[in-house]
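Working notes, beginning with the structure itself.
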Amino acid sequence: MRGPDLVGTAPSNVRFSADGRYVYFRWRNPGVDTTDQDYRVAVAGVTPSPERLPRFAVDTIAMADGAWSPERTREVVVLKGDLWLVDRQGSKRRLSETALPESSPGWSADGRTVFFTRDGNAWALEVDRGAERQLTDVRHGAAPKPAAEPTGERKLLRDQQRELFDFIRRQVADQRVRADTDTTGRRAVWLPETQSVARFETSPDGRFVLATVTDRPAGAAAGQQVTMPVWVTQTGFVETQQIRTKVGDTQSRQKAVVIEVATGKATWVARDTGNGQRETDESGIAFSPNGRHALVRISSRDFKDAWLVVIDLPSLARREIVHLHDDAWLGVDGFLGPGAWTGWLGDGETIYYASEETGYAHLYVVPAAGGPPRALTSGDWEVQDVRLSADKRTFYLETNEGDWGQVHSYALPVGGGRRTQLTSAEGRQDVVVSPDERTLAVLQSTANHPPELYLQGNRAGGAARRITESTTAEWRGFAWIRPEIVTIPASDGAQVPARLYRPTSAAKHAAVIFVHGAGYLQNVHKWWSSYYREYMFNQLLAARGYTVLDLDYRGSAGHGRAWRTAIYRHMGGRDLDDQVDAARWLVKQMTVDSARIGIYGGSYGGFITLMALFTRPGVFAAGAALRPVTDWAHYNHGYTARILNQPQDDSVAYRQSSPIYFAQGLVGRLLICHGLVDDNVHFQDTARLVQRLIELGKQNWDVAVFPVEAHGFRRNDSWTDEYRRILRLFDETIGH
């Protein structure tokens, strides 16, 4: 339970320098560093050796994750809030030096102007002359109201002046123009105080700006924030924090607007869903490289539909070119897919996006003019990440093609065709491509070794050079096993993937099932688990004679849309059935005593543990529910409303999915562990369940509270205390 102090800290935040000569990363060199530090390694080095950098040095080094000019010779980056221009030789020139920070840089089509965001507005800067120009005039508050119309004698005198004098008529006309414009004659865009611009995108010709606006309800319309007490404080007094709202409460929404730079005219993008009660969110994605179109994504707030909308420029004519729908909830371009999964190809007339239309996430292209989409990938496997190369000729994909237990990197021409597999080592490879696209920086891990940094040529079969060794000598001194991957036949005919840890000492004929958290997450695979403490604990259990099983139960990631949505409207249904089927498999195949099976897990795993002990009597003799959700009506909106809809609209789904309604069924021994300052699954979940168990007269349960811990524990002594309790629970109930 010492975590990084024993295992080590893998490299992170990997990126190339703008000139491509170095790879930079955060790392904790075992035996040298006590905290994470900035490192770099030379790409061309024959025997690459990481070089530790002075503190804050990386803040002044330009990385290749800025915006490259159209000809790919210069890059604009943000360093400490200012804009800098960097060329491929690494020389740099400051473009701005202001008290207000600049962000989100981009380029004009001719490479002469840099667009950026400052102080809530879009700006342009001419690279050679240094001249700045404000492109938008976004203001907050109420737009000025015209003076009240005079009456009686005053109206007569005013009208007489306008009738007699041209000077007055011109003066009135000028005042009307200035009332709602800036010094350039543009109209201002007035936003209420509750709204702010989340992102600006400027067209390559600088004529239009696409803005995404976040609207946060305030006053009576605002959702009620949960107040969390903080018990152990520097002052000695209990303090409080305001955190998230609960599912079904009022949520912030997003709106998209196209602003014409010359006039300031704002055209808001919305969709008529055909039902006035059905709300949507609108998000600006990007302008086409040729400046002829803007792309906007519209998503229904019930998470079941999304539309890609093209807006032609300058006419502002619009058309829907893609409609994604899921009867449960959308995965790609919804819950799962980041915005980078949607964008423009280099021709400016073709859009790429991801869809689960076939039951698996795959990559598609569609003409901006409309027409049928075309799949670039297909098969019973998933595309898990999509990045378009800087020259817009190649897609870099990460997929689990051929083996859902591994993730590899592929190169795919944007026109489709044959994919080139770039990585081949067993496990998972997360790839960053150099600016010249000749070199790959790869974070590679296996089931029994954390990620390490490698460098290899950007080609199939390229030799990989290892850069780091992150584990401690103490950790390497133990022969960590690679869990065996098996499949469990489920009662509905499905084959459920599982990690199996066989006993490495005299078998107790007892078993423990570990339930991973996060709900939508994959933990049965051949790479390093994010649950690495549990990975080591499971081996401790195996060393003490237990058989341990860890499932990718229904709802887990990596296995397609049907697997993901099998829990729609009933968490603790099919996902729990998989755990019960696994228990029966252990009895049949592993000679486990059916009366000596335990179960444990955190977060979603804690929830499943509660449902197992409350609703499946006799299957599990003991369970440890860590930071568990006990009532889904108290969890957050973004996760819960996708799977269970809103509680006010679908109370049945919440009632059948929430353990607190089934607490009377507790038969086995239960241990609950929860941090008091958990700002994800609030301690209120456990407090309400405890009161329910008290009122029901249940006696075979215990609660351990951790006063300074959040959802993920931070202190090694807290982890140790928690898992000692779990081990003692199993030893006392099923391990004797």
Side-chain angles (χ1 to χ4, degrees), residues 98-100 115 117-126 131-198 200-203 205-222 250 252-272 276 279 282 284 294 296 311-318:
T98 60
L100 294 172
F115 303 122
T117 299
R118 178 198 292 153
D119 196 25
N121 274 286
W123 292 73
L125 184 151
E126 293 184 35
E132 286 188 351
R133 182 165 57 99
Q134 186 173 335
L135 301 179
T136 62
D137 184 20
V138 176
R139 309 180 192 180
H140 288 84
K145 295 181 179 179
E149 281 288 309
T151 59
E153 176 199 16
R154 294 183 181 182
K155 182 177 185 302
L156 183 146
L157 293 176
R158 185 204 66 178
D159 293 346
Q160 182 188 48
Q161 293 295 95
R162 294 182 181 181
E163 177 185 358
L164 292 174
F165 303 110
D166 178 68
F167 166 76
I168 296 298
R169 290 194 293 271
R170 290 179 180 272
Q171 198 176 54
V172 169
D174 289 343
Q175 288 172 345
R176 286 174 177 168
V177 171
R178 290 197 302 269
D180 197 31
T181 63
D182 62 13
T183 56
T184 67
R186 285 189 302 246
R187 282 182 285 181
V189 178
W190 289 93
L191 300 179
E193 295 294 345
T194 58
Q195 295 183 358
S196 60
V197 178
F200 286 107
E201 184 85 16
T202 304
S203 64
D205 58 11
R207 296 174 61 191
F208 293 90
V209 171
L210 178 61
T212 300
V213 176
T214 299
D215 188 358
R216 298 174 178 83
T250 307
S252 298
R253 64 158 301 184
Q254 286 191 319
K255 304 176 181 180
V257 58
V258 178
I259 303 171
E260 186 178 29
V261 171
T263 65
K265 178 184 176 182
T267 302
W268 292 88
V269 181
R271 183 180 194 277
D272 180 5
E279 296 182 338
E282 297 82 43
V296 174
I311 301 173
D312 293 335
L313 304 174
S315 69
L316 299 183
R318 49 178 287 173

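Computed over heavy atoms, backbone and side chain alike; hydrogens, waters and symmetry mates excluded.
Evaluation of the salt bridge (Lys or Arg N to Asp or Glu O under 4.0 Å) rule for Glu163 yields no partner, not counting sequence neighbours. Taking the side chain to side chain donor-acceptor pair (under 3.5 Å) definition, one finds that Arg170 meets it with Asp166, sequence neighbours left out. Evaluation of the salt bridge (Lys or Arg N to Asp or Glu O under 4.0 Å) rule for Arg253 yields Glu282 as partners, not counting sequence neighbours. A search for side-chain contact (heavy atoms from CB on, under 4.5 Å) contacts involving Glu132 returns Phe116, Arg118, Trp123, Leu125, not counting sequence neighbours. Applying the side chain to side chain donor-acceptor pair (under 3.5 Å) rule to Lys155 yields the partners Asp159; only residues at least two apart in sequence or on another chain are considered. Applying the salt bridge (Lys or Arg N to Asp or Glu O under 4.0 Å) rule to Asp215 yields the partners Lys255; only residues at least two apart in sequence or on another chain are considered. Residues passing the side-chain contact (heavy atoms from CB on, under 4.5 Å) test with Ser196 are Thr214, Arg216, sequence neighbours excluded. The side-chain contact (heavy atoms from CB on, under 4.5 Å) check on Ala148 picks up nothing, with sequence neighbours excluded. Thr98 meets the side chain to side chain donor-acceptor pair (under 3.5 Å) test with Glu102; sequence neighbours excluded. Partners of Arg133 according to the side chain to side chain donor-acceptor pair (under 3.5 Å) rule, which considers only residues two or more places apart in sequence or in another chain, do not exist here. The side-chain contact (heavy atoms from CB on, under 4.5 Å) check on Ala317 picks up Asp312, Ser315, with sequence neighbours excluded. Residues forming a salt bridge (Lys or Arg N to Asp or Glu O under 4.0 Å) with Glu201 (at least two apart in sequence, or on another chain): Arg199.
Here the CD1-CZ distance, from Ile259 to Arg187, works out to 11.5 Å after rounding to the nearest 0.5 Å.
Across all non-hydrogen atoms, the minimal contact from Thr212 to Gly284 is OG1-N, 2.9 Å. Asp137 and Arg139 get closest at one heavy-atom pair: OD2-NH2, 2.7 Å. In this structure, Val138 and Gly120 approach most closely via the heavy-atom pair CB-O, 3.8 Å. The two residues Thr194 and Ala218 come nearest to each other via the heavy atoms CG2-CB, 3.4 Å. The heavy-atom pair separating Gln195 from Leu191 by the smallest distance is OE1-CD2, 3.4 Å. Closest approach of Gly264 to Val189, counting heavy atoms only: O-CG2, 3.9 Å.
A heavy-atom distance below 4.5 Å is found between the side chains of Val258 and Leu316. Counting heavy atoms from C-beta on, the side chains of Leu210 and Val296 come closer than 4.5 Å. The closest side-chain heavy-atom distance from Val269 to Arg318 is below 4.5 Å.
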- [ ] Assess whether side-chain contact (heavy atoms from CB on, under 4.5 Å) is satisfied between Thr202 and Leu135, documenting all intermediate values.
- [x] CA-CA 9 Å; Thr202 304; Leu135 301 179; 3.8 Å; yes
TODO: Test side-chain contact (heavy atoms from CB on, under 4.5 Å) on Val209 and Phe115 and set out the steps.
DONE: CA-CA 10 Å; Val209 171; Phe115 303 122; over 6 Å; no
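Of the possible donor and acceptor atoms, none in the side chain of Thr136 sits under 3.5 Å from a partner among the backbone N and O of Asn121. A donor-acceptor pair is defined here as one N or O able to donate and one able to accept, closer than 3.5 Å; such a pair exists between the side chain of Ser203 and the backbone of Phe208. Under a 3.5 Å cut-off, the side chain of Thr263 and the backbone N or O of Lys265 do form a donor-acceptor pair. One N or O on the side chain of Arg169 and one on the backbone of Arg162 form a donor-acceptor pair closer than 3.5 Å.
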